[in-house]
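Side-chain atoms are counted along with the backbone in the values below, which use heavy atoms only and exclude waters and symmetry mates. The sequence lines fix the lettering, A, B, ..., with proteins before strands; numbering per chain opens at 1. Bear in mind the structure is a predicted one, so any value in this text is a computation, not a measurement.
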Number of protein chains: 2
Amino acid sequence: MVTVKDVAKAAGVSIATVSRVVRDEANVKKDTKDLVLKVIRELNYQPNALARQMRQQSTKTVIVIVPDIGNSFFHEILFGIQDTATKYGYQILIANMNNRPDVETYYFNALLQKQVDGVISLSANIAKSLMDKVANAYPIVVACQYLDNSDMPNVTIDNISAAKKIVEYLIEQGHTHIAHLTSHPTALLYRDRFNGYISALAEHGLPIDLELVCYDEPSIEGGYRQMNNLLELGKPISAVFAAGDTMAIGALKALKNAGLKVPDDFSVVGFDDIEFSSIFEPALTTIRQPKFLIGQTAFEKLFKLMNGAPLDSLKDILDYELVIRESSGVNRHK
Amino acid sequence: MVTVKDVAKAAGVSIATVSRVVRDEANVKKDTKDLVLKVIRELNYQPNALARQMRQQSTKTVIVIVPDIGNSFFHEILFGIQDTATKYGYQILIANMNNRPDVETYYFNALLQKQVDGVISLSANIAKSLMDKVANAYPIVVACQYLDNSDMPNVTIDNISAAKKIVEYLIEQGHTHIAHLTSHPTALLYRDRFNGYISALAEHGLPIDLELVCYDEPSIEGGYRQMNNLLELGKPISAVFAAGDTMAIGALKALKNAGLKVPDDFSVVGFDDIEFSSIFEPALTTIRQPKFLIGQTAFEKLFKLMNGAPLDSLKDILDYELVIRESSGVNRHK
DNA sequence: TTGTATGCGTTATCAA
DNA sequence: TTGATAACGCATACAA
């Protein structure tokens, strides 16, 4: 391995001078600099990043904890993070949790051991106490998900109002019996979407029937299962709001399987706007989260944190958008 | 920051002893070990990974160059890599190229600067010369893709025979005029699939019409565009073999748009078996690559390379599988 | 403008 | 079984 020493010897200068040239410091004579650069090229010298990081106690690397890399919802967020990170000369380490909560803790150790300068977590499953403990001492931003009563820096949308908006859209289409497919109520995210659903119904004087609220895994299978359960109830439902697009697609499959036409017989709306949702047939009506922007904003926030700069705001609430496509329409069975 | 020194002082032993305990070396007296462990807990000591890596000149990290993290084809491969890497105590750094060829070169620098111990590239776009130069000196494995006349360690399937097999399946269903949707012929991958297509037709005495071979981006849009072009030709085509599932799904959309029924009027088959393909309706007939196994095998290979162990074989050719679903059937228009 | 010397926190060698 | 000490490759305070 070629080191500064080798370059210094070959160029007839000190290692300090070589180091200065490598880091492009100002106070080096032009001639010296050219000579050293020439030698660096000749010897094909590559600075050892490990030694540099060790010396500076910084890796210019940020770890992103992704609950499930197989879920395309996270891809655009990753793009946003990566885009901004690259701009600032940072690398990102993608840690895939595979939806196993214990892995999250594991990755926080990377932070404690100085392997990374900061963390962006797209998951909030980890025990709140640990989260707060770590956030106290290290730069960390939570995006998409969030915790109750936590003062962690956070980037997200207003899930309550977004859920309310899409349910109100269904109500405007004449639907009065709207079911709700959702997931683990331990996640504040789902509780918020549930609250938005309830608010919309209540404010429009519609009856609330908790039998129409079904819980399952946030997956196509989960949505399929619960849609079938709903159909078996034999109640006069004409629309369903799924708290995630994957569940919505599962619901669409169950409806098709039952011989029901969407949106003629039934309206289905989701949440997130994953890639799949616009390609599936019928294309899904949903809430679009500003995924790229969430990623960008999360990194910007983390960057400030890592550099000890003050945050404009602890929590950023970004705008969402109602995207109306083919899976929803007016209630024709009134 | 708590270091070995602090622990040593507090425990009244030398730093060497602390280091031994941390690394769980054998020759430490039980009592000493217990004492040191107690102090480590009390001080909440975390070994500094940077210093360790610096000392050992190894990061136990492998970089995986992914052409496009938005493409679900790569997810299962990543799972396979990650699964095996974790088993051996390695971390993986996912480098997303975003399909920009220049980024590939950039990431190889991480290798040269000792930030990672090895590379798994799921892309082969980089100039062959650079690839060979790097592979000569550093542990690197190419998976899924591959280059002409290159002696880089490689894990893949036999694309020629797989393409041939799925086209032969179409022929068995009575199809005689089969089109081919494919992408950049600069990629050996696509040339091989094209060759398999041609072989199948030739060996069954079917006419080869190069007007039925269309090139475009390997995306839904690309497939959609070219399927429309094919339909405009007005030739008696009854089936199409797309060299990738995304193109196949684009073709399905174009056929639907044209009012054609799949598989009654037309058969469509793809390649890869991405997640989407089984969920889309109609579900796609395709070639399933053993994605998880490709990932596992690639890491196993890299691991040997990183440890200077001999490779059983330079190139591993894994088995594929023909998956017959709803998008293909017998030719009813003969 | 350049060089000398020290230290980052760990592991590993050697001696005790 | 333990301890003293020398690296690892670089950045930087200080001196020249």
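If you take CE of A:M54 and P of C:dC8, they are 8 Å apart, rounded to a whole angstrom. Going from atom CG of A:L50 over to atom C1' of C:dT11 covers 14 Å, rounded to whole Å. Distance A:M1 CE to D:dC10 P: 7 Å, rounded to the nearest Å. Between B:Q53 atom CD and C:dT10 atom P the separation is 12 Å, expressed in whole Å.
The local environment of CG in B:D319 is sparse, with at most 12 non-hydrogen atoms from other residues, nucleotides or ligands closer than 6.0 Å.
Between B:I140 and B:L305 there is no side-chain heavy-atom pair separated by less than 4.5 Å. Residues A:V21 and A:L37 have side chains in contact (heavy-atom distance under 4.5 Å, counting atoms from C-beta outward). In this structure the side chain of A:V142 never reaches within 4.5 angstrom of the side chain of A:L147, judged on heavy atoms.
Put simply, the side chain of A:H184 never gets that close to the backbone of A:P218: no donor and acceptor are under 3.5 Å apart. B:D117 places a side-chain N or O within donor-acceptor distance of the main-chain N or O of B:T59, the cut-off being under 3.5 Å.
The phosphate of D:dG9 (OP1 or OP2) has no side-chain N or O of A:Q46 nearer than 4.0 angstrom. For C:dT11, one of the phosphate oxygens OP1 or OP2 lies less than 4.0 angstrom from a side-chain nitrogen or oxygen of B:R52.
Partner of B:F299 under the ring pair (Phe, Tyr, Trp, His ring centres under 6.0 Å) criterion, chosen from B:Y90, B:F292, B:F79: B:Y90. Between A:V155 and the options A:K315, A:K301, A:E300, a side chain to side chain contact (heavy atoms under 4.5 Å, CB included) holds for only A:K301.
If one axis is set at each end of the helix from C:dT1-D:dA16 to C:dA16-D:dT1 from five pairs, those axes are 40° apart, to 10°.
Between the base of D:dA7 and the side chain of B:R55 there is a donor-acceptor pair shorter than 3.5 Å.
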Evaluation steps, side-chain hydrogen bond (donor to acceptor under 3.5 Å, both in side chains), between A:Q145 and A:N154: CA-CA 8 Å; A:Q145 296 242 9; A:N154 188 238; over 6 Å; no

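When each of C:dT11, D:dT12, C:dG9 is scored by its nearest atom to the side-chain atoms of A:Q56, the top-ranked nucleotide is D:dT12. For B:Q57, counting side-chain heavy atoms from C-beta on, the closest listed nucleotide (C:dG9, D:dC8, D:dT12) is D:dC8.
Within residues 12-35 of chain B, the residues that have a heavy atom under 4.0 Å from DNA chain C are, in order of number, B:I15, B:A16, B:S19, B:R20, B:R23.
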